[in-house]
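Right, one structure below, let's go through it.
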Protein chains: 2
Amino acid sequence: MVTIYDIAAKANVSAMTVSRVINNTGKISEKTRIKVKKVMDELGYVPNQMARSLVLQQTRILFLLITDIMNPFYTTLTRGAEDAARKNGYRLLFGNSDESVEKEGEYINTILTTRVDGALLAPAGDPSHPHLEQLRKHGVPFVLLDREVPGISCDIVLGDSRDGARRLVEYLVEQGHRLIALVNGSASISSARLRLAGFQEAMKLNDLPFDERYVHETSFGPELDVDAMEQWIAAMDPPPTAIMSGNNVLAVVIIKLLRARGLRIPEDISVVCFDDFGLYSEMDPFITVAAQQAYQFGYLGMQLLIDRIGEREVPDKTVWKKVVLPPELIVRRSVKRLDV
Amino acid sequence: MVTIYDIAAKANVSAMTVSRVINNTGKISEKTRIKVKKVMDELGYVPNQMARSLVLQQTRILFLLITDIMNPFYTTLTRGAEDAARKNGYRLLFGNSDESVEKEGEYINTILTTRVDGALLAPAGDPSHPHLEQLRKHGVPFVLLDREVPGISCDIVLGDSRDGARRLVEYLVEQGHRLIALVNGSASISSARLRLAGFQEAMKLNDLPFDERYVHETSFGPELDVDAMEQWIAAMDPPPTAIMSGNNVLAVVIIKLLRARGLRIPEDISVVCFDDFGLYSEMDPFITVAAQQAYQFGYLGMQLLIDRIGEREVPDKTVWKKVVLPPELIVRRSVKRLDV
DNA sequence: TATTTTAGAGTTATCGGTAACATTTTATAA
DNA sequence: TTATAAAATGTTACCGATAACTCTAAAATA
């Protein structure tokens, strides 16, 4: 491996002079600058970021932790985060917690040991609290995405889950639906709670009864319990005329289960959900959704993080920023108009 | 920041003893081990990976470079790579070249300066050659995914593009199609070349003429030229009865364009493509595809990489491994049976 | 001409660890 | 009891860079 010392020796200068040439700092005569650069090229020098980070006490690397890399919401978000990071000269280390608090913990560990300059996180849920406390304790700046964690104050980018859910229900009601079911993520996730709240609120506003048997709670993630979901569907009697899903992954599972029961959508049962489907939804837009501005989540979140890193304020006196992005209701053809 | 020296001081031992406790190396009396551990806990010590990497000359970080993070093929692949990396105690740094050789170059730079232990790469295309030469020159072990690069010998995981394309065409022919068009990625990408080759081969085998006007070359990536594609479609006269797309992203664009022209799929025109659509394809299986084993690409590729890192052989005498994964033809309902 | 600046370099210490060798204890054998 | 081996711990150097300070020679000023 070529080091600045190799270059220094060959160019007959000190290592410091080489460092100055590399970083364009201090005063260097044009003659030596050229001489050193020539040797650098000849030897194919590549700076060692580790060594540099060690002495500079910063890595120029940020960490992005998402909860489901197969979910288009998060990949689109990732793309936004990446763009913002690149634009500011940061690199991105990344991880995928699969909605698991345990896996998340491993990544928190990586964040700490790797000494990244900051982290952008979609927390697994309320139990992520100690993880975030850890980051705070060690002075790692972080920004949350999509989910609040009670007891943690920080910059955050959220979707308006309550309003989105309300609008989905309102739409269903407008189409004549009165018996509406909800399948949702874990109540330990703030966005799931708000979606439930929005659901309840809209039901109430329309003088519709709220029946717990028509609400099923599972996981937003890839490891959800399909059997339990199937039983829930079978148990609802009378069956709902419409199901609202708390996110896109759950919608896929629900739709598969419904079809397996021989139900057609929307002829026999209507379905709507939170979050869109990335690439594919452009191709064959089928399901009516409350689409979130995924790219903006990542882009703005990253921007907040980078701003925060630049400031390096005392967390106690900080005014935290909260960005709330409204979802967009996209009506497609998964809902049947009921004539009551 | 707490260092081993802080711990050493507080525990009344040398820094080396602390290091030994952390790494479980050397001989340590149970008494001091406990004493040191206690102080570590009290002070909330977290090892500095930078410092460690500097002296150990290894980072336990690998790099994954994909070409399109919005494409489900790559996200599924990423998931596989991540699982394999985690299983072996490696962390993953990752980047997204957007099919751009230039962006790829920036990430190659990151790979070099960050001193990662190895890289798993989906190259942007043949022009990636110098980038890979750079890695080789600097002794960075790497494994290619999905695309070969002429002049570069290395471990690689490929799909059987030629055969997949052949089978898609065969299927179309079986369904009575004779005028088949192909929209494909850049000829500077090996997999695109092979898909064209498979296409031509199948046409020939079925005594169908190959007409260049029915083949359109663009980019696999997010920055493809939609206008050019539109003109191509309009120019084909007579119009094809079926279009085969070189990948999923192109298929989406094609389908949108066809629909914009008022054409229904499959009633007015049939479409098939390479690669499946992840999550969504489970929900609303519409388009007939040659689905690749995306997860396996990542998982096996990562495995090859890690094996290679363990060996540290001389590249000259190396026998390179090549894994070829066959795609699966999944028939859905985007193809109309023509009765000739 | 003598004195002060300043441009252009070099020296040394340090970031936070670990390897290799050195030293001190403690345990075991003679 | 003493010699010797083994166990436990300490010292020093180094990984590859940069900050802060120092030094030297030429240029600017008095």
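Just so it is clear: chains get the letters A, B, ... in the order the sequence lines come, proteins before strands, and each one is counted from 1.
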Round to a whole Å and report the spacing from [atom1] of [X] to [atom2] of [N].
X	N	atom1	atom2	answer
B:N48	C:dT14	CG	P	18 Å
B:I22	C:dG17	CD1	P	7 Å
B:L112	D:dG16	CG	P	15 Å
B:R33	D:dT9	CZ	C1'	13 Å
B:Q49	C:dG17	CD	P	10 Å
B:R115	D:dC15	CZ	P	13 Å
A:M50	D:dA17	CE	C1'	13 Å
B:I4	D:dC15	CD1	C1'	14 Å

For [X], report the nucleic acid contact type (base, sugar-phosphate, nothing); a contact means any heavy atom under 4.0 Å.
X	result
B:T25	nothing
A:S14	base
A:T32	sugar-phosphate

Checklist line | Most 5' of B:L56 and B:M16 on DNA chain D, judged by nearest nucleotide | finding: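 Nearest-nucleotide comparison on DNA chain D picks B:M16.
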Next item on the list: Report yes if the distance between the aromatic ring centroids of B:F297 and B:F73 is under 6.0 Å, otherwise no.
Entry: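 When the ring centroids of B:F297 and B:F73 are compared, they turn out to be within the sub-6.0 Å range.
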Checklist line | Contact summary for B:V116 and B:F63, nearest pair of heavy atoms | finding: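 Looking at all heavy atoms of both residues, the closest pair is CG2-CB, 4.2 Å.
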Next item on the list: Identify the two heavy atoms, one from B:L145 and one from B:P123, that lie closest to each other, and give their separation to 0.1 Å.
Entry: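 Answer, listing the atom of B:L145 first, then B:P123: O-CD, 3.6 Å.
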Margin query: Under the criterion salt bridge (charged side-chain N to carboxylate O under 4.0 Å, His left out), I'd like the reasoning laid out for B:K103 against B:E106: C-alpha separation, chi angles, the key distance, then a yes or no.
Written below: CA-CA 5 Å; B:K103 268 199 195 180; B:E106 292 175 31; over 6 Å; no
Next item on the list: Test salt bridge (charged side-chain N to carboxylate O under 4.0 Å, His left out) on B:R79 and A:D98 and set out the steps.
Entry: CA-CA 10 Å; B:R79 180 61 200 285; A:D98 274 341; 2.8 Å; yes
Next item on the list: Would you indicate which nucleotide in D:dT9, D:dT18, C:dG17 comes nearest to any side-chain atom of A:R52?
Entry: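 Among D:dT9, D:dT18, C:dG17, the one nearest the side chain of A:R52 is D:dT18.
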Check: If you check the A:T3 side chain, which of D:dC15, C:dG10, D:dA17 turns out closest?
Finding: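 Of the options given, the side chain of A:T3 lies nearest D:dA17.
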Margin query: Side-chain N or O of A:S29 versus OP1/OP2 of C:dA9: is the shortest distance under 4.0 Å?
Written below: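 Answer yes for this pair, as a side-chain N or O of A:S29 is under 4.0 Å from OP1 or OP2.
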Margin query: Looking at the base of C:dG17, is there any donor atom on it, or on the side chain of B:Y5, that sits under 3.5 Å from an acceptor on the other one?
Written below: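 Donor-acceptor pair under 3.5 Å: yes.
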Next item on the list: Hey, which sits more toward the 5' end of DNA chain C by its nearest nucleotide, A:L54 or A:K27?
Entry: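 Whichever sits nearer the 5' end wins; that is A:K27.
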